[in-house]
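So the structure is just underneath, and the comments pick up after that.
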Amino acid sequence: MTNYHDTESLEYSSDTSDDGRFSPHRTGRIKRYTRPLIDYVRNEWQTNAKYSHLANPDQPSEPSRFGQLFLSIVTAPRFRRYVVVYLILVMTCLLGWLYILSPRLAEHASLLRALDPEVKEEVGGWFGTNAFPGFDDIVQVEQLDEELLPEGEERLIVVGDVQGCMLELDRLLEELLFDPTSDHIIFTGNMISQGPNSTDVVDFARKYSASCVRGNNEDRVLVMRHNMVEAQTLTDTSSDQYLDGQSTEQAKSERDLARALSDEQADWLDACPVILNVGQIPTMGQVAVVHGGLIPGIDLNHQDPYSVMNMLTIDLDTHMPSPERDGMMWTKFFNKHQSISYSGTKTSKHEDEDEDEDAGAVKATTVIYGHDSETALNINTYTKGIDTGCVAGGKLTAFVISSSGEQNIIQVRCNNYLS
């Protein structure tokens, strides 16, 4: 029931009579409330005990209230946008850590450990530090004539693995505007084999007095040729079918190439050293040209010739190089060794910084190499890989060094001679 309180009676005059006419006489009374009417409304079911078991639909419970608040937040468009953005950020950070940062940190730690002298004692010494495997039939190291170092407008042009692609070599030299009176060419090995014009490449190198290093292709062909000369089979092909393990297409091709080389061409290739010590180049320090790679910390005269011609990776514990790809790339190890050994010479005095950097550059060694066509162009601070797979349809690359030490890369596209 509805109860009314706090009222007082007031007389009022009706504006109209029963017949609709205005009447000046008072005909009734009205109650005046001192507070808003809503304050006088009471619902019996709220206060009566017999209705206490009923839920109040207009008054949600505490858990329900929080649930509604949570749902209102979750279903808000702005909240959903924030959730998507934060999830993307979290996933990006996680993937960056798993696939970029964490592997690099692990690689850095393993490289530092590989240079720790205590590890050397644990493994019983590092490769190349105890003995030198000498070879009588090859030239280990040759020093480039100082007169060939660039001065003024002169240039050193280091050419990657040509592999008999004479047509592409001609196009590269045209692109370089090659001037034999002021430019000197250095080949990084594997000048011959696989391509169609190996002997022409050798003749070109001899014509322009180019420098070269011995690659694994030259090594195989020359060793085979020497064996054929000793066995007197250089011109006699009747016994080729009985050669054990020499029946593959590559072996047949190299045997034909060994016979195609003249004595003069073979002698010139035999004179190519395993390592060409170019000398000091501004901004590059001591420069060496090899076919495969170098083991850091080992003198050039004590490097293993086979490894220098064939290495791709290196074992971090023993420093044993390998021609396989299972392991750490030798270039990463070499760059880390050089950077640690020769980049920490700065002093706190600003005026000495340039001098210290120059001193560090003079001591450091930069290696220009070929051989690794799978990695292709791989230019780092202390290693410059320029075998870009010309014979397989890649590019033929020239690494050009000016007298000031400025370095440029020039490339031309090649035909695929292996398809």
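Using modelled atom types and a 3.5 Å distance limit, the side chains of Asn277 and Gln286 yield a donor-acceptor pair.
Judged purely by atom type and a 3.5 angstrom limit, Glu218 uses its side chain to pair as donor or acceptor with the backbone of Asn190. At least one donor-acceptor pair under 3.5 Å links the side chain of Thr92 to the backbone N or O of Ile88. Looking only at distances, no side-chain donor or acceptor of Thr366 sits under 3.5 Å from a matching main-chain atom of Gly285. In terms of modelled atom types and a separation under 3.5 Å, the side chain of Arg214 and the main chain of Pro305 share no donor-acceptor contact. In terms of modelled atom types and a separation under 3.5 Å, the side chain of Asp161 and the main chain of Gln163 share no donor-acceptor contact. Counting only distance, with no hydrogens or angles, the side chain of Ser373 and the backbone of Asp387 share no donor-acceptor pair below 3.5 Å. With hydrogens and angles ignored, the 3.5 Å screen pairs a side-chain donor or acceptor of Gln140 with a backbone N or O of Gln303. In terms of modelled atom types and a separation under 3.5 Å, the side chain of Asn415 and the main chain of Tyr417 share no donor-acceptor contact. Of the possible polar contacts, one joining the Thr188 side chain to the Val159 backbone as a donor-acceptor pair under 3.5 Å is found. For Asn217 (side chain) and Ile192 (main-chain N/O), a donor-acceptor pair under 3.5 Å exists by modelled atom type.
Side-chain contact between Arg325 and Thr375 is present, with at least one heavy-atom pair separated by less than 4.5 Å. Looking at Thr331 and Asn378, their side chains come closer than 4.5 Å, going by heavy atoms from C-beta outward. Using a 4.5 Å heavy-atom cutoff, the side chains of Leu156 and Val287 are not in contact. Under the 4.5 Å side-chain criterion, counting only non-hydrogen atoms from C-beta, Leu294 is not in contact with Thr383. Residues Thr313 and Met329 meet the side-chain proximity criterion, which asks for heavy atoms closer than 4.5 Å. The closest side-chain heavy-atom distance from Lys395 to Leu377 is not below 4.5 Å. Annotation: side chain of Phe187 is not in contact with side chain of Val202 (no heavy-atom distance under 4.5 Å). Using a 4.5 Å heavy-atom threshold, the side chains of Glu154 and Ser182 count as touching.
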Candidate pair Thr397 and Gln411, rule side chain to side chain donor-acceptor pair (under 3.5 Å), full reasoning: CA-CA 4 Å; Thr397 300; Gln411 296 179 311; 2.9 Å; yes
Intermediate values then yes/no, side-chain contact (heavy atoms from CB on, under 4.5 Å), Glu374 and Leu312: CA-CA 10 Å; Glu374 185 171 321; Leu312 289 171; over 6 Å; no
Residue pair Asp203, Gln265: steps toward the side-chain contact (heavy atoms from CB on, under 4.5 Å) verdict: CA-CA 7 Å; Asp203 287 338; Gln265 291 170 336; 2.8 Å; yes
Full working for side-chain contact (heavy atoms from CB on, under 4.5 Å) between Ile295 and Met311: CA-CA 9 Å; Ile295 304 171; Met311 73 168 66; 3.8 Å; yes
Asp219 vs His291, side chain to side chain donor-acceptor pair (under 3.5 Å): CA-CA, chis, key distance, verdict: CA-CA 11 Å; Asp219 189 59; His291 179 63; over 6 Å; no
side-chain contact (heavy atoms from CB on, under 4.5 Å) assessment of Val213 paired with Val308: CA-CA 10 Å; Val213 295; Val308 173; over 6 Å; no
Salt bridge (Lys or Arg N to Asp or Glu O under 4.0 Å) between Arg206 and Glu264, worked out: CA-CA 10 Å; Arg206 294 174 60 211; Glu264 293 78 10; 5.8 Å; no
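A salt bridge does not link Asp200 to Lys207: none of the charged nitrogens lies less than 4.0 Å from a carboxylate oxygen.
Between Ala398 and Ile157, the shortest heavy-atom distance links the atoms CB-CG2, 4.0 Å. Between Ala288 and Ile275, the closest heavy-atom pair is CB-CG2, 4.4 Å. Shortest non-hydrogen contact noted between Thr365 and Gln338 is N-OE1, 2.7 Å. Taking each heavy atom of Tyr369 and Gly292 in turn, the nearest pair found is CD1-O, 3.7 Å. Nearest heavy-atom pair across Glu175 and Val412 is CB-CG1, 4.2 Å. Across all their heavy atoms, Ser211 and Leu276 have their closest contact at CB-CD2, 3.9 Å.
Ring pair His337/Tyr382: centre-to-centre distance not below 6.0 Å.
In Arg413, the CZ atom is not crowded: 12 or fewer heavy atoms of neighbouring residues, nucleotides or ligands sit closer than 6.0 Å. Atom CG of Asp137 sits in a sparse spot, with 12 or fewer heavy atoms from other residues, nucleotides or ligands closer than 6.0 Å.
Between the OG atom of Ser198 and the CD atom of Glu254 there is a distance of 9.5 Å, given to the nearest 0.5 Å. For the atom pair CD1 of Ile186 and CD1 of Ile401, the computed distance is 7.0 Å after rounding to the nearest 0.5 Å. With values rounded to the nearest 0.5 angstrom, Asp326 atom CG is found 11.5 Å from Asp315 atom CG. The structure places CE of Met91 at 9.0 Å from CG of Leu98, a figure rounded to the nearest 0.5 Å. Here Arg171 contributes atom CZ and Leu176 contributes atom CG; the two are 12.0 Å apart, rounded to the nearest 0.5 Å. Going from atom OG of Ser402 over to atom CD of Glu153 covers 9.0 Å, rounded to the nearest 0.5 Å.
Ring geometry for Trp330 versus Phe334: interplanar angle over 60°, hence perpendicular rather than tilted (30 to 60°). Between Phe204 and Phe178, the ring planes lie tilted relative to each other; the angle falls in the 30° to 60° range.
Each of Asp267, Asp270, Asp256, Asp263 was scored for a salt bridge (Lys or Arg N to Asp or Glu O under 4.0 Å) with Arg225, with one residue passing: Asp263.
In this model, Cys390 has its SG atom within less than 2.5 Å of the SG atom of Cys414.
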